[in-house]
Amino acid sequence: MQDHGTQEYIAQAERDLLHTYNRYPIVFDRGEGVYLYDKEGKKYLDFFSGIGVNALGYHYKDYDEALKEQIDKLLHISNYFYNEPAVLAAEKLKKASGMDRVFFTNSGAEAVEGALKAARKYAFTKNGGHKDDHRGGEIIAMNHSFHGRTMGALSVTGNPHYREAFEPLIGNVRFAELNDFDSVLAQVTDDTCAVLFETLQGEGGIYPAEKSFLEQVKRLCEERDILLILDEIQCGMGRTGEMFAWQRYGVKPDIMACAKAVGGGVPVGAFLMTEEVAEKSLMAGDHGTTYGGNPFACAAVSKMLDIFEENDIIGHVQKIAPYLEERLDGIVSEFDTVLARRGLGLMQGVECSVPVSGVISSCLEKGLVLINAGSNILRFVPPLVITKEHVDEMAEILRAALGETCGKASAESK
């Protein structure tokens, strides 16, 4: 039962905050390791990590100490001056990604905005830089994609329900199907400047891009001087067992957007590009941000990248992910209403034949935090530092919740 204090917090939030989220009736107070605690002290196993943000869980000692040290130095100075954490973070992010230039943002949506601007400026420059003759501003994005809620990011989000109330959007956007190269080819015109998609779709249902699809799109882009933009906001930073998901396939983008786990909980994102794109796209005065790249946010990025390398976080993901897949596959075989598992590494989805809201609520009551990816898909994006014991704990709670809400399958029916 909620105590009066929790109810008061929720009631005040409903009075004061804009109602853009349907929140669960829990007020989280603190975290430790891979567990969260609410205001009453109830403990929850976290398999949601703030939508893939808290890659190291909570109170990872070296990370906390780096942020405390930076607080005592400098939080913000603006981009009119250089700062050491931004320089170090950019160097490490370039090394981890193999890209050449970095622009730090405040969020994933802003990273997508910057990537879109860079692509259109690249096309503008390529076509002579004459506005009257400007061609090449079309973007091909994917149906069922999600890239953010700002007007530009929303324009390339492949869900009409998200877009319709805010139209007209930026325009010159065409939609194709992920993993259907012919559908991409059908959308290409002389004005196409970029193809954009998530290497592993998140909100759209946890659908990985196929290697052959990535390779075909990359060849098309090279042949037609079109830029390949990959959105690695949720699937990047080690979640799939590589630092960035595209590295599993060896298909390097021209522009990449990242955020979420890159800051480990501090709001920060980035878009990165090759030197060739940088030379023909955003110049002084073309793009900017007040807070982006500030010392505090970049100290978080820099330390996250240090921890990933020093503690072999990616190696750990590669070891633990097959066990998570095994336990989830067992659950798929056990329940009639659980249809399939898909995903990469520690970004997994379990598709059900019924809405999963009841399952999520039951898991919360039993001390497990999960989220959905669409109305009928359970999404698993835990901290990257989970162990087999945490996977077992999750699986037992999930089995109990499914048993209550969905019913078990008979061995014969599966």
Side-chain angles (χ1 to χ4, degrees), residues 2 6 9 21-64 67 108 202-203 206 233-241 259-267 300 304 307-308 311 313-314 316-317 319-321 323-325 327-328 331 341 343-350 356-357 359-373 377-402:
Q2 299 171 351
T6 295
Y9 277 119
Y21 288 91
N22 292 317
R23 294 178 171 88
Y24 293 98
I26 296 172
V27 180
F28 282 122
D29 183 58
R30 62 187 179 89
E32 191 65 44
V34 298
Y35 292 93
L36 288 163
Y37 297 82
D38 66 19
K39 291 294 291 184
E40 293 88 43
K42 181 178 175 180
K43 183 180 181 181
Y44 300 79
L45 176 63
D46 179 15
F47 261 64
F48 137 87
S49 66
I51 322 181
V53 170
N54 300 311
L56 303 177
Y58 304 91
H59 290 302
Y60 200 96
K61 184 180 178 182
D62 290 349
Y63 175 80
D64 285 5
L67 294 187
E203 294 284 333
I206 317 299
I233 290 165
Q234 186 171 167
C235 63
M237 284 299 290
R239 184 148 297 277
T240 66
K260 292 193 183 291
V262 75
V266 171
M304 285 292 290
I307 291 169
F308 265 66
N311 296 341
I313 300 299
I314 291 173
H316 177 73
V317 172
K319 291 176 183 176
I320 196 67
Y323 189 68
L324 173 62
E325 293 175 355
R327 292 305 309 264
L328 292 177
I331 289 170
R341 174 197 61 81
L344 296 171
L346 294 185
M347 185 172 173
Q348 297 288 331
V350 167
V356 297
S357 56
V359 179
I360 292 172
S361 294
S362 180
C363 286
L364 284 170
E365 291 174 5
K366 301 176 189 306
L368 171 66
V369 186
L370 290 179
I371 53 171
N372 63 308
I377 296 167
L378 294 166
R379 183 175 4 175
F380 302 80
V381 283
L384 304 185
V385 294
I386 57 167
T387 65
K388 287 186 175 181
E389 290 74 20
H390 298 132
V391 174
D392 289 338
E393 183 182 354
M394 176 279 298
E396 292 310 306
I397 295 174
L398 179 58
R399 287 179 66 253
L402 286 166

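Residue indices begin at 1 and follow the sequence shown. Scope of the values below: all heavy atoms of this structure, side chains included, with no hydrogens, waters or symmetry mates.
- The CG atom of L36 lies 10.5 Å from the CG atom of D29; values are rounded to the nearest 0.5 Å.
- Residues I397 and G367 share a closest heavy-atom pair of CD1-O, 4.1 Å.
- With sequence neighbours excluded, no residue forms a side-chain hydrogen bond (donor to acceptor under 3.5 Å, both in side chains) with S361.
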Show your working on side chain to side chain donor-acceptor pair (under 3.5 Å) between D64 and Y60 and close with a plain yes or no.
-> CA-CA 6 Å; D64 285 5; Y60 200 96; over 6 Å; no
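- Taking all atoms of both residues into account, the shortest heavy-atom contact from E32 to Y58 is N-CB, 3.5 Å.
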Output side-chain donor-acceptor pairs under 3.5 Å for residues 21-28, partner residues at least two apart or in another chain, one line each.
from, atom 1, to, atom 2, distance (Å)
N22, OD1, H19, NE2, 3.3

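- Between M394 and L324 there is a side-chain heavy-atom pair separated by less than 4.5 Å.
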Verify side-chain contact (heavy atoms from CB on, under 4.5 Å) between I377 and N372, making sure each step is shown before the conclusion.
-> CA-CA 5 Å; I377 296 167; N372 63 308; over 6 Å; no
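- With rounding to the nearest 0.5 angstrom, the CG atom of L368 is 13.0 Å from the NZ atom of K43.
- Considering every non-hydrogen atom in both L370 and I360, the closest pair reads O-CG2, 3.5 Å.
- Atom CE of M347 and atom OG of S49 lie 10.5 Å apart (nearest 0.5 Å).
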Show the numbers, then the answer: is there a side-chain contact (heavy atoms from CB on, under 4.5 Å) between V359 and L378?
-> CA-CA 9 Å; V359 179; L378 294 166; 4.1 Å; yes
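- Ion pairing between E396 and K366 fails under the 4.0 Å rule for side-chain N and carboxylate O.
- I314 CD1 to L384 CG: the interatomic distance, rounded to the nearest 0.5 Å, is 9.0 Å.
- Of all the heavy atoms in G202 and A373, the pair that sits closest is O-CB, 3.5 Å.
- Nearest heavy atom pair, residue K260 against residue Q234, reads CD-CA, 3.8 Å.
- Annotation: cation-pi pair K388/Y323 present, NZ/CZ under 6.0 Å from the ring centroid and within 45° of its normal.
- The two atoms that bring A55 and A261 nearest to each other are CB-CB, 3.8 Å, heavy atoms only.
- In the model, R341 has a side-chain atom that pairs as donor or acceptor with a side-chain atom of Q348 under 3.5 Å.
- Once rounded to the nearest 0.5 Å, the distance linking CZ of R379 with CD1 of I206 reads 5.5 Å.
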For side-chain contact (heavy atoms from CB on, under 4.5 Å), just list the numbers for V385 and V34, CA-CA rounded to whole Å, side-chain angles, deciding distance to a tenth of an Å, and then say yes or no.
-> CA-CA 8 Å; V385 294; V34 298; 3.9 Å; yes
Could you please spell out the steps behind the side-chain contact (heavy atoms from CB on, under 4.5 Å) verdict for L56 and I313?
-> CA-CA 9 Å; L56 303 177; I313 300 299; 4.1 Å; yes
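- Only one option out of L398, I371, V391 pairs with F380 in a side-chain contact (heavy atoms from CB on, under 4.5 Å); it is L398.
- Aromatic pair H316/F308: ring centres not closer than 6.0 Å.
- Partner of I386 under the side-chain contact (heavy atoms from CB on, under 4.5 Å) criterion, chosen from V317, L346, L45: L346.
- No donor-acceptor contact under 3.5 angstrom links the side chains of Y35 and D46, judged on distance only.
- Rounding to the nearest 0.5 Å gives a distance of 7.5 Å between CG of L364 and NZ of K42.
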